[in-house]
Amino acid sequence: MNQDKIIIFDTTLRDGEQSPGASMNTEEKIQIATQLERLGVDVIEAGFAAASPGDFDAIDKIAQRVTQSTVCSLARALESDIKAAGEAIAKAPKQRIHTFIATSPIHMEYKLKMTPDEVIRRAVDAVTYARTFVEDVEFSLEDAGRSDMGFMKEIISATIEAGAGTINIPDTVGILMPNEVGERIAELVDHVAGRAIISVHNHNDLGLAVANSLEAVHKGARQIECTVNGLGERAGNAALEEVVMALKVRSNYYGNLHTDINTREIYPTSRLIATITGIEPQPNKAVVGRNAFAHESGIHQDGVLKNKLTYEIFRPEEIGLDLNDTLVLGKHSGRAAFKDKLAKLGFAPSDEELNSAFERFKELADKKKEIYDDDIRALVTSEMTNIEKTYELVALQLMDSTGGVPSAAVTIAHEGKEITDAGIGDGTIDAVFKTIDRITGHHGRLLDYRVKSVSQGKDALANVTVKVTFNDNEPAIIGHGLSLDTMLASARAYLGAINSYLSMEGMLKIRNSDSGGTV
Ligand code: KIV
Ligand code: ZN
């Protein structure tokens with residue numbers, strides 16, 4: 001193992017999916033995994049196979065698609081979880097099982113109700129069993145940030161002995177300061193003495209996840225677990241783009257430490273994930289935020305015009321952001337120009353996806369004068385992540401609601417037939433969604449509704465994201481809809497959620513956390 005290489009372990013599809021409102025359907029996860037591979041991440045944590053049949057299915061499909069990156073599934077230190085993980089990743093050329101158990105006194109006593117000795121035995125059994133499926137096993141000490149160093153050394157030695165090649169030290173609750181992380185990692189690296197790779201997984205509750213991860217590699221950790229746009233449970237995880245760019249920009253500080261990330265894929269990856277999850281990075285977010293290269297003050301603008309490096313520590317092109325090329329195609333652009341643009345934006349659609357995306361682009365270009373990169377990204381992403389459309393919106397008509405009762409007439413295609421119905425509601429959206437419920441026979445409860453303009457201008461595309469539950473005992477479903485008309489985008493988003501639900505029906509169940517720890 002090259003001692004200077006930092007392994008990038010991406011957990012956007014697992015910890016990132018635990019961000020409130022970030023659940024994704026299988027097609028979307030495959031699309032993201034494909035992009036993560038293009039980005040050059042070493043390990044893709046594709047999910048938690050035992051959490052639900054839907055998670056299992058997504059990992060299995062990703063395992064069949066991804067060839068360069070290692071595909072990993074999380075598993076509690078339970079036989080059933082490890083078996084599910086082993087089976088879900090079985091078709092991947094490079095496979096890893098990531099098993100974990102909590103090691104802090106508070107978690108062992110109150111959550112696991114296990115003694116430290118029992119925890120060690122369970123961890124050793126888990127690693128030993130995981131090794132019957134794969135050679136590459138990672139063991140995590142959940143809540144390591146609040147665990148006793150002596151106990152950690154004991155369980156680390158025992159799990160390495162059982163066959164773990166990577167030992168992950170998560171600060172699960174994001175409580176540690178950078179120097180504390182540094183001291184603990186230095187001591188554990190010393191203890192492990194080359195028998196395994198030390199990894200870190202920092203949460204951002206105090207805004208220190210990136211700083212803590214960088215301090216850890218400075219002190220000998222050689223794997224960073226992170227997510228694109230810093231998504232993740234609560235305040236999120238260390239942001240992949242920030243750790244990677246910090247290591248690159250400050251290579252004078254970090255010496256030969258490097259990653260294999262193709263930094264030019266950072267911006268396209270960030271946009272893909274924001275489009276799919278509907279969660280935009282904050283405008284002033286480091287590296288990928290909308291304002292990351294915006295210079296507002298006159299003095300700064302003057303400096304940048306003379307030499308960009310006066311106020312920019314790296315060039316936008318290094319992360320794949322071409323600021324001079326945002327105004328793109330128009331209605332006279334042909335298929336070849338469109339295809340070329342997609343390639344520049346990092347998309348590699350199949351012929352079928354290209355055809356339907358081009359058709360939608362032409363329709364859009366008829367109505368919208370200026371089409372931007374973000375419009376193209378949104379359009380193509382929605383084509384490429386389309387699950388089978390059991391129901392398809394054909395027409396939507398809204399009756400004038402000023403002063404009257406809001407009502408909607410909806411036509412939907414289903415199994416070769418068109419069905420039309422009309423209904424009323426407390427508001428226009430309510431009327432549209434209730435009418436769709438009547439036609440499809442699926443009654444969703446709307447948990448969240450968000451509308452975002454894809455680019456600038458009054459004629460911007462609206463990207464609507466809905467979060468709906470069709471059964472309170474099952475995970476919520478996300479639907480996306482794209483249109484120049486917000487109501488049409490809303491209807492598409494809601495029908496998208498119904499189609500997603502139907503594609504996953506029978507594969508959904510509650511993510512339980514009976515024993516061995518939650519994630
Ligand atoms: O935060 C955490 O402890 C985790 C583990 C499962 C690695 O996500
Ligand atoms: Zn985590």
Side-chain angles (χ1 to χ4, degrees), residues 4-6 8 35 38-41 178 204 207-215 217-218 224 226-230 238-275 280-330 337 340-347 370-377 453-457 460:
D4 295 330
K5 154 95 186 261
I6 303 300
I8 296 296
Q35 178 59 29
R38 202 174 294 138
L39 176 65
V41 309
N204 205 30
L208 292 168
V210 169
N212 287 352
S213 304
L214 292 170
E215 186 56 20
V217 295
H218 199 43
I224 297 181
C226 46
T227 56
V228 176
N229 296 345
L240 180 149
E241 59 279 7
E242 295 179 26
V243 291
V244 167
M245 289 313 289
L247 288 169
K248 185 171 182 204
V249 172
R250 293 306 311 277
S251 58
N252 58 336
Y253 181 79
Y254 289 104
N256 292 329
L257 295 187
H258 65 274
T259 71
D260 281 349
I261 295 295
N262 174 2
T263 61
R264 287 180 177 268
E265 292 293 341
I266 284 180
Y267 191 71
T269 312
S270 166
R271 292 315 310 149
L272 177 71
I273 282 158
T275 306
E280 273 297 316
Q282 74 207 51
N284 59 330
K285 161 91 177 57
V287 184
V288 293
R290 186 161 25 95
N291 296 348
F293 296 95
H295 301 280
E296 191 67 27
S297 103
I299 296 172
H300 287 211
Q301 285 171 353
D302 181 52
V304 168
L305 283 173
K306 289 173 178 148
N307 181 341
K308 286 192 172 183
L309 296 182
T310 50
Y311 288 100
E312 283 180 7
I313 57 171
F314 59 91
R315 288 169 298 121
E317 303 89 79
E318 286 181 63
I319 59 158
L321 170 61
D322 188 350
L323 292 172
N324 301 320
D325 196 22
T326 49
L327 186 60
V328 284
L329 310 169
D340 185 56
K341 187 71 202 176
L342 295 193
K344 274 200 186 141
L345 293 177
F347 289 103
E370 294 167 337
I371 298 185
Y372 296 86
D373 283 1
D374 274 346
D375 294 320
I376 303 277
R377 280 194 188 96
S453 78
V454 172
S455 54
Q456 65 253 50

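Counting begins at 1 with the first residue of the sequence.
The side chain to side chain donor-acceptor pair (under 3.5 Å) check on D375 picks up K368, S455, with sequence neighbours excluded. The side chain to side chain contact (heavy atoms under 4.5 Å, CB included) check on A274 picks up N229, R271, E280, P281, with sequence neighbours excluded. The side chain to side chain donor-acceptor pair (under 3.5 Å) search around D260 returns K5, not counting sequence neighbours. With sequence neighbours excluded, no residue satisfies salt bridge (Lys or Arg N to Asp or Glu O under 4.0 Å) with R264. Scanning for side chain to side chain donor-acceptor pair (under 3.5 Å) contacts around N307 gives an empty result, with sequence neighbours left out. In this view, E317 and R315 satisfy the salt bridge (Lys or Arg N to Asp or Glu O under 4.0 Å) rule, not counting sequence neighbours. In terms of the side chain to side chain contact (heavy atoms under 4.5 Å, CB included) criterion, S251 has no residue partners (sequence neighbours excluded). Scored by the salt bridge (Lys or Arg N to Asp or Glu O under 4.0 Å) test, K285 finds E241, E242 as partners (sequence neighbours excluded). For N256, the side chain to side chain contact (heavy atoms under 4.5 Å, CB included) partners two or more places apart in sequence, or in a different chain, are D4. The side chain to side chain contact (heavy atoms under 4.5 Å, CB included) search around R250 returns N252, Y253, Y254, not counting sequence neighbours. Take S213 and apply the side chain to side chain donor-acceptor pair (under 3.5 Å) test, not counting sequence neighbours, and it matches N202.
The main-chain N or O of A209 is found under 3.5 Å from a side-chain atom of N204 such that the two form a donor-acceptor pair.
Nearest heavy-atom pair across L257 and V217 is CD1-O, 4.0 Å. Listed here is the closest heavy atom pair of I266 and V288: CG2-CG1, 3.9 Å. The two residues V210 and A239 have their closest heavy-atom pair at CG2-N, 3.6 Å.
With rounding to the nearest 0.5 Å, the separation of CD in Q282 from CG in N291 is 10.0 Å. The distance from atom CG of L240 to atom CG of L39, rounded to the nearest 0.5 Å, is 5.5 Å. Here the CZ atom belonging to R38 is positioned 8.0 Å from the OG1 atom belonging to T269, to the nearest 0.5 angstrom. Here CG of N212 is found 11.0 Å from CD1 of I224. Values are rounded to the nearest 0.5 Å. Considering CD1 of I319 and CZ of F293, their distance stands at 4.5 Å, rounded to 0.5 Å. Atom CG of L247 and atom OG1 of T263 lie 12.0 Å apart (nearest 0.5 Å).
The shortest side-chain heavy-atom distance between D373 and K341 falls under the 4.5 Å cut-off.
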